[in-house]
Asks: 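Sharing a structure here in structure tokens format.
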Number of protein chains: 2
Amino acid sequence: MIFTDFLRGRRRHELTADDLAALEAVANDVRTLPARQTFIRQHEPVHFSTYLIEGLMCRYMDDREGLRQLVALHVTGDFVDLHGYPLRYLDHDLATITPCQIVTVPHERLDQLMENRPHLAKLLWFSTLMDAAIHREWIFALGRLDAVGRVAHFFCETEAKLRAVGLSDGRRFALPITQADLGEACGITSVHMNRMLRDLREDGILRFWGGKAEILDRARLERRAEFDPAYLYLDRLPVDSERA
Amino acid sequence: MIFTDFLRGRRRHELTADDLAALEAVANDVRTLPARQTFIRQHEPVHFSTYLIEGLMCRYMDDREGLRQLVALHVTGDFVDLHGYPLRYLDHDLATITPCQIVTVPHERLDQLMENRPHLAKLLWFSTLMDAAIHREWIFALGRLDAVGRVAHFFCETEAKLRAVGLSDGRRFALPITQADLGEACGITSVHMNRMLRDLREDGILRFWGGKAEILDRARLERRAEFDPAYLYLDRLPVDSERA
DNA sequence: CGTGACGTTGACTGTAGTCAAAGAAGGTGG
DNA sequence: CCACCTTCTTTGACTACAGTCAACGTCACG
């Protein structure tokens with residue numbers, strides 16, 4: 001049961017038991033990766049894709065001075081670099097944040113799925129386009145929101161993603177990353193990130209410390225973030241945890 | 001010959017004459033859209049996708065005050081909202097900038113292509129993931145570059161895309177958009193955009209006026225943009241115009 | 001107990017936003 | 001063909017948000 005959380009909360013119901021078995025059948029063995037390790041580097045030809053079973057990974061790009069910009073944060077249930085399959089090489093680096101459990105799937109096996117299982121193929125395609133939708137939302141946040149808004153947005157989105165796979169109860173969730181990581185995701189310095197988190201805390205909106213987040217006032221958090229979860233393509237807003 | 005420019009410069013050679021004919025066969029009639037018109041609105045169910053034959057289109061999102069953030073700019077040869085096929089609704093609005101010639105393709109016809117032409121399907125998938133790669137690059141630009149850098153980046157990317165379809169000679173190209181549009185793409189105000197364009201002009205790097213751009217010093221433009229075109233997945237840097 | 005990573009705060013700087021006004025360019029109708 | 005209007009561009013003065021630099025606190029771990 002490797003792909004238990006794949007598309008969970010997002011069209012998971014369209015994955016037939018048969019599709020799921022086909023997916024399991026093409027996967028390699030489960031592996032563990034250490035924290036803070038770059039797993040795939042940009043521009044290298046890739047011949048497999050990575051599914052994240054547990055842990056946090058990120059995709060990032062460095063600027064000329066080596067400063068990072070995160071372009072995606074991945075959690076349990078994400079097919080992290082499935083886009084590498086049609087693209088053949090990545091335009092960015094992929095790294096772990098925490099220790100991670102992953103499986104890889106060889107691209108020639110995916111070719112077989114493309115041939116024999118068009119419906120599953122369309123769902124795989126769908127999962128890569130959800131990532132693109134999230135990219136767009138980040139563009140919006142970076143382009144139009146101020147620092148607090150971006151931070152608020154990041155937490156709204158991350159909480160929703162974690163909730164979809166049962167890792168948030170809607171209020172509290174573990175997010176074992178540093179303020180520097182957050183800054184790299186939101187396009188602000190770690191110093192300023194610290195100040196924004198203080199503001200959110202003092203306003204009674206959000207608490208984040210030691211890798212744990214607590215939403216104190218969701219309505220105001222979402223308002224600051226201009227957050228509308230439609231772009232996450234959730235089946236419904238998942239309130240109770242449930243397995244498909 | 002509707003899809004003459006589809007994937008031109010990017011794996012076009014992998015499109016067999018057969019694939020191409022199959023694609024032509026599923027397209028509706030060519031239509032013309034007026035300038036500055038929203039064509040598809042976010043959250044509406046979509047049952048067809050749009051291929052842009054000629055003109056400029058953009059995808060955008062509004063913030064609470066109605067200010068726009070462009071999330072993509074599309075030119076000749078782009079399958080503008082193909083991602084609407086797996087996604088079923090868009091998370092943003094799609095609009096014309098100039099008058100546009102388009103064709104649409106019904107999604108049920110794309111289902112047929114998925115069933116019968118896995119290789120073509122993979123190329124369609126690929127084309128949507130190039131868009132995602134461009135999204136990531138925009139995230140990088142918005143998160144890590146200052147205003148001049150973002151503007152420079154926008155012009156590097158747009159020139160490269162236009163060159164791939166024969167609409168730029170590497171130095172001069174038509175780009176019939178306003179400074180306000182540019183600002184909405186780069187996440188800066190139109191006033192500041194005007195100042196950045198003046199700076200680039202006075203530094204002898206780039207001239208942009210009246211919808212026409214001229215690159216005066218490519219090396220310095222790309223340097224300011226921290227531009228590396230790998231993310232555009234071009235076959236090669238197309239110097240001469242050529243048809244596949 | 002020392003070290004390094006992470007978090008916190010303050011003072012100062014600078015980039016970009018805001019507000020306002022006016023100049024060009026282009027289109028339309030009289 | 002000109003007058004008018006709108007849209008786009010340009011510039012200046014002022015503001016404010018976020019970056020930079022620096023120092024210090026705190027905690028976990030070896």
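All chains are named by letter (A, B, ...) in the order of the sequence lines, taking the proteins before the strands, and each is independently numbered beginning at 1.
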Asks: Run the salt-bridge test on D217(A) and R224(A) with the 4.0 Å N-O cut-off and return the result as yes or no.
Replies: no

Asks: Consider only side-chain N and O atoms of D181(B) and T178(B), and report whether a donor and an acceptor are under 3.5 Å apart.
Replies: yes

Asks: Angle between the end axes of the helix from dC1(C)-dG30(D) to dG30(C)-dC1(D), five pairs per end, to the nearest 10 degrees?
Replies: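 Axis angle across the helix from dC1(C)-dG30(D) to dG30(C)-dC1(D), nearest 10°: 40°.
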
Asks: Would you kindly give the CH2-to-P distance between W209(A) and dG25(D), to the nearest whole Å?
Replies: 16 Å

Asks: Return the value, rounded to whole Å, for the distance between atom CG of L182(B) and atom C1' of dT10(D).
Replies: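 In whole Å, dT10(D) C1' lies 15 Å from L182(B) CG.
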
Asks: Can we say D91(B) and R136(A) salt-bridge, meaning some charged N sits less than 4.0 Å from an Asp/Glu carboxylate O?
Replies: yes

Asks: Check the pair L90(A), R59(A) against side chain to side chain contact (heavy atoms under 4.5 Å, CB included), reporting the backbone distance first and the verdict last.
Replies: CA-CA 10 Å; L90(A) 301 187; R59(A) 304 197 250 157; 6.0 Å; no

Asks: Begin with the C-alpha distance, continue with both residues' side-chain angles, and end with the deciding distance and a verdict on side chain to side chain contact (heavy atoms under 4.5 Å, CB included) for Q179(B) and H192(B).
Replies: CA-CA 9 Å; Q179(B) 295 184 2; H192(B) 202 56; over 6 Å; no

Asks: Do any side-chain nitrogens or oxygens of Q179(B) fall under 4.0 Å of OP1 or OP2 in dT7(D)?
Replies: no

Asks: Does the pair R8(B)/D5(B) count as a salt bridge with the N-to-O cut at 4.0 Å?
Replies: yes

Asks: Can you tell me if D81(A) uses its side chain to pair, donor with acceptor, with the backbone of T50(A) under 3.5 Å?
Replies: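 Present.
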
Asks: Do K161(B) and E157(B) sit within salt-bridge range, that is, some charged N less than 4.0 Å from a carboxylate O?
Replies: no

Asks: For DNA chain C, note the earliest and the latest nucleotide, 5' to 3', having some atom under 4.0 Å of a heavy atom belonging to chain A.
Replies: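 Listing 5' to 3', DNA chain C meets chain A from dC6(C) to dA11(C).
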
Asks: Is the shortest heavy-atom distance from the side chain of F154(A) to the side chain of L175(A) under 4.5 Å?
Replies: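 F154(A) reaches L175(A) side chain to side chain.
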
Asks: Please list residues of residues 187-200 of chain B whose heavy atoms come under 4.0 Å from any atom in DNA chain D, ordered by number; otherwise none.
Replies: V191(B), N194(B), R195(B), R198(B)

Asks: So does R223(A) have more than 12 non-hydrogen atoms from other groups sitting under 6.0 Å from CZ?
Replies: no

